[in-house]
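Structure first, commentary second.
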Amino acid sequence: MSIHPDLLNLLIGVFAILVAASTVGYVLQRRLSPDGSNKSIENLNDRIRAWWVMAVLLAIAFAGGRAGVILLFGFCSFAALREFMTLTHSRRADHWSLVAAFFVVLPYQYYLIWVDWYGLYAIFIPVYVFLLLPIVSALRGETESYLVRIAEVQWALMICVFCASHVPALLNLDIPGYEGRNVLLIAFLIVVVQLSDVLQYVWGKLAGKRKIAPRLSPSKTVEGFVGGVLSATLVGAGLWWMTPFTILQAGVLAFVIALLGFFGGLVMSAIKRDRGVKDWGHVIAGHGGVIDRLDSVVFSAPIFFHLVHFWWAGG
Amino acid sequence: MKQSGDQTGGQAGRLSGFARRAAISVFTVGVTLFARFVTAVLGIWVDNKPSRKRRIYFANHASHGDFILIWIVLPPRLRRRTRPVAGSDYWLKSRLRRFIGIDVFNAVLIDRNKETRTRDPIEIMQEAVDGGASLILFPEGTRNETDEPLQPFKAGLYHLARARPQLELVPVWIENLNRVMPKGEFIPVPLMCSVTFGPVLQLTGDETSEAFLARARDALLALRPAHNGGAA
């Protein structure tokens with residue numbers, strides 16, 4: 001599997017930014033927190049290290065082509081579902097629906113992406129699983145919090161498996177004149193979403209005053225939101241050369257992606273507050289859980305997929 | 001037991017040759033990877049840290065995987081000297097269990113049946129401790145299959161602490177493993193688990209068995225994570 005020159009350029013750009021970030025982090029650490037006592041700087045460096053790991057993983061997956069990308073997001077789905085189900089009300093009576101969710105639904109959804117069966121992967125979880133899994137739980141006869149339990153399992157599967165699987169599904173789009181370059185659509189989506197997160201954080205730190213949703217997420221501010229989304233839109237427009245879009249189209253799509261990503265983070269925060277936890281998990285130092293990092297991608301991926309599918313891949 | 005080609009000193013009695021050691025390594029790595037894959041287990045130390053001192057880790061018991069999780073989150077240098085205390089009725093039943101219990105985890109086996117046993121369990125545990133081991137102990141005696149977070153403690157922990165007062169007693173709360181594999185199920189559901197080590201407890205001079213066991217039980221319950229998630 002060869003790497004497309006556009007992708008190579010992007011990777012070089014991303015790694016250059018990471019080298020710069022690591023350098024800044026190192027200097028800040030030497031200057032302000034030589035004994036590791038400054039929490040924000042330690043957290044910043046944890047985050048930068050985690051970014052390195054994520055960038056390297058993505059690069060490897062891209063180099064592995066279709067199989068690499070599907071496997072990577074399959075594992076992300078698995079880790080996310082594991083975190084999500086931990087915070088639900090599932091009971092012993094749900095054991096078999098959970099086993100089915102992890103070991104049947106998840107692999108099958110990614111298998112459908114692999115064989116490019118759009119007609120089924122677009123409805124497998126929202127229709128078939130939606131109707132069949134509650135039957136498995138009902139057969140065990142436990143009715144306490146039944147609606148809550150089945151709703152939670154369905155929601156977990158929609159977010160962690162169905163939505164996340166739309167990232168590798170971008171590989172399946174047939175866009176005339178863009179053959180063999182679909183992996184760049186994934187790169188575009190992920191770069192815009194993650195940069196939007198980082199830029200919101202940076203704008204919030206620099207200019208943040210008015211809180212958007214103090215009860216959900218004390219760190220999100222109006223200034224961070226506006227600055228982050230707008231600058232991510234500009235960056236997205238500037239990446240038009242690797243997409244099938246014009247500059248304007250790339251900007252509009254980047255705007256939609258960044259906006260959805262922001263609200264995705266807000267929705268997932270609301271769930272965390274409801275469950276009384278700060279992070280979804282503990283597997284990524286500095287970021288918390290996999291869902292903490294994936295929430296915005298998950299919200300933007302299916303809509304980005306369907307917009308491109310409808311307008312560029314012949315509906 | 002065969003003794004061919006054995007030069008591993010202390011553990012010599014049970015290891016017989018390269019094949020056995022290889023099997024143990026493969027099994028250990030496999031079990032560790034599998035447990036991490038299913039539980040992403042995280043070790044949390046509250047007012048405490050890993051130590052080479054001899055300790056009794058006493059934990060809640062809901063699943064056969066409990067001591068494996070504790071073992072995994074201990075630093076590797078402490079693992080070899082940390083031995084789970086387990087019922088011989090269960091772990092001697094088949095060759096596979098014998099291999100896992102004795103060869104891999106070097107368990108201290110005690111007979112839980114008062115009628116049939118030939119040796120006092122406390123004596124066996126003392127021997128293991130005197131030999132330099134730290135122990136993993138489940139003071140509830142058997143797996144907790146009730147809805148209560150913790151069953152009443154058996155007195156063994158007290159007697160051991162009385163006999164060896166220098167031991168450090170460490171409460172260890174294992175969170176969520178009971179949901180990963182509820183009683184009677186054989187396929188685990190992947191869920192995040194954590195193992196929380198609490199501050200060291202020591203028996204005071206004149207403490208009664210009841211008072212001490214109540215204190216130990218409270219110390220263990222105090223380590224339960226406070227969140228709304230999980231089975232009600």
Side-chain angles (χ1 to χ4, degrees), chain A residues 74-107 133 136-137 140 142 144-146 148-149 152-153 156 160-161 270-285 288-292, chain B residues 32-46 49 60-65 69-70 72-74 143-149 173-197 222-232:
Chain A
F75 275 107
C76 286
S77 276
F78 175 84
L81 192 61
R82 189 174 62 180
E83 288 171 2
F84 202 110
M85 292 317 304
T86 302
L87 295 185
T88 64
H89 295 83
S90 68
R91 294 171 155 254
R92 275 187 47 202
D94 301 313
H95 195 78
W96 282 104
S97 17
L98 297 193
V99 167
F102 276 99
F103 300 118
V104 180
V105 176
L106 190 158
L133 267 195
V136 177
S137 281
R140 295 286 284 263
E142 168 75 85
E144 201 182 316
S145 319
Y146 177 72
V148 172
R149 283 157 39 213
E152 281 175 340
V153 175
C160 303
V161 182
I271 298 177
K272 284 191 286 185
R273 295 299 163 268
D274 173 33
R275 308 314 302 154
V277 296
K278 203 180 131 285
D279 290 320
W280 281 98
H282 51 248
V283 297
I284 314 176
V290 172
I291 300 182
D292 290 292
Chain B
T32 308
L33 283 179
F34 181 72
R36 286 197 187 277
F37 176 73
V38 172
T39 69
V41 61
L42 173 74
I44 304 165
W45 295 79
V46 180
K49 51 179 191 250
N60 56 318
H61 194 20
S63 143
H64 287 307
L69 283 203
I70 297 182
I72 287 176
V73 297
L74 284 174
R143 280 180 295 155
N144 182 3
E145 287 164 354
T146 68
D147 289 332
E148 293 297 310
W173 182 265
I174 301 165
E175 175 71 6
N176 252 348
L177 197 58
N178 55 333
R179 291 174 67 209
V180 169
M181 207 143 139
K183 178 195 170 195
E185 307 289 358
F186 53 93
I187 301 181
V189 168
L191 295 172
M192 315 288 285
C193 295
S194 62
V195 174
T196 309
F197 297 83
L223 299 176
R224 296 166 70 199
H227 62 71
N228 312 331

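Quantities reported herein were computed from a predicted structural model and do not represent experimental measurements. Order of the sequence lines fixes the chain letters, A, B, ..., with proteins taken first and strands second; residue numbering starts at 1 for each chain.
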Q | Flag if over 12 foreign heavy atoms under 6.0 Å of CZ, Phe75(A) | A | no
Q: Using ring pair (Phe, Tyr, Trp, His ring centres under 6.0 Å) as the criterion, list what pairs up with His95(A), not counting sequence neighbours.
A: none
Q: Can you sort out the partners of Phe37(B) under ring pair (Phe, Tyr, Trp, His ring centres under 6.0 Å), two or more places apart, ordered by chain and number?
A: Phe78(A)
Q: Assess whether side chain to side chain contact (heavy atoms under 4.5 Å, CB included) is satisfied between Thr86(A) and Glu175(B), documenting all intermediate values.
A: CA-CA 11 Å; Thr86(A) 302; Glu175(B) 175 71 6; over 6 Å; no
Q) Leu191(B), Asn178(B), Val38(B): which one forms the most heavy-atom pairs within less than 4.5 Å of chain A? A) Leu191(B)
Q. In terms of heavy-atom pairs under 4.5 Å with chain A, which of Gly184(B), Pro190(B), Pro182(B) leads?
A. Pro190(B)
Q: To the nearest 0.5 Å, tell me how far Arg179(B) CZ sits from Arg92(A) CZ.
A: 13.0 Å
**Q.** Phe84(A) versus chain B, the contacting section by heavy-atom distance below 4.5 Å
**A.** neither
